[in-house]
Amino acid sequence: MRFLFLLIILIPALDIGVLLFSGKTIGVWPTITLIILTGIIGAYLAKREGLQTIRRVQEQLSYGQLPGDALLDGICILIGGTLLLTPGFITDVTGFIFLFPPTRKPIKFLIIKMWQRRINKGNIKIIK
């Protein structure tokens, strides 16, 4: 919980600092344009990737398969889309990392390892 609290305070503060630096370096209007552009591109990418993931989940379910990998893709896309709609360059870069399939693979690997660790510690119990 402390880690989450630090992220909620630290990331916006860093984003504000980068935005102020960008405003001084390239100007206010180019900075605002970049923020709006990344929001539009992010929304488009999130929609496109999200629809592909929904189709993959439906296809896997129709064949009687569990869509585990596709669900992890969906979680990453949701996080990435949310970060891209948040103003700031740090959140935008992180959002793009969550959205692009090649960079999403290591993130999914880390999520799986995190869940495995929590299950092995007994923090999460799976009841059949």
Strictly by ring pair (Phe, Tyr, Trp, His ring centres under 6.0 Å), give each pair with a member in residues 73-105 just once, sequence neighbours left out. F96-F100
D73 versus R56: any side-chain heavy-atom pair under 4.5 Å? yes
Which side-chain N or O atoms in residues 43-55 pair as donor and acceptor under 3.5 Å with protein atoms at least two apart or in another chain?
unit_1: E49; atom_1: OE1; unit_2: R104; atom_2: NH2; d: 2.9
unit_1: T53; atom_1: OG1; unit_2: E49; atom_2: O; d: 2.9

Identify, with sequence neighbours excluded, every residue that meets side chain to side chain donor-acceptor pair (under 3.5 Å) alongside T91. D15
For residues 19-40, which residue pairs pass the salt bridge (Lys or Arg N to Asp or Glu O under 4.0 Å) check, not counting sequence neighbours? none
Once you round to the nearest 0.5 Å, how far does [atom1] of [X] lie from [atom2] of [Y]?
X	Y	atom1	atom2	result
I77	L72	CD1	CG	11.0 Å
I79	L99	CD1	CG	10.5 Å
L83	I90	CG	CD1	11.5 Å

Counting neighbours of CG on L7 that are heavy atoms of other residues, nucleotides or ligands and sit closer than 6.0 Å, is the number greater than 12? yes
Find out if a path of hydrophobic residues (ILVMFWY) with successive side-chain heavy-atom gaps under 4.5 Å connects F3 to I11. yes
Hey, any chance L19 and L14 share a hydrophobic cluster, counting ILVMFWY side chains that come within less than 4.5 Å of each other, even indirectly? yes
Is a side-chain donor or acceptor of T86 paired with a backbone partner of T82 at a separation under 3.5 angstrom? yes
Using residues 28-42 as the side-chain source, report each donor-acceptor pair under 3.5 Å to any protein atom, sequence neighbours left out, with the distance given to one decimal.
unit_1: T31; atom_1: OG1; unit_2: S22; atom_2: O; d: 3.3
unit_1: T31; atom_1: OG1; unit_2: S22; atom_2: OG; d: 2.9
unit_1: T31; atom_1: OG1; unit_2: G23; atom_2: N; d: 3.4
unit_1: T31; atom_1: OG1; unit_2: G27; atom_2: O; d: 2.7
unit_1: T33; atom_1: OG1; unit_2: W29; atom_2: O; d: 2.7
unit_1: T38; atom_1: OG1; unit_2: L34; atom_2: O; d: 3.1
unit_1: T38; atom_1: OG1; unit_2: I35; atom_2: O; d: 3.0
unit_1: T38; atom_1: OG1; unit_2: D92; atom_2: OD2; d: 2.7

For residues C76 and K108, report the shortest heavy-atom separation together with the two atoms involved. SG-CG, 3.9 Å
Side-chain donor-acceptor pairs under 3.5 Å in residues 109-122, sequence neighbours left out?
unit_1: N120; atom_1: ND2; unit_2: Q116; atom_2: O; d: 3.2

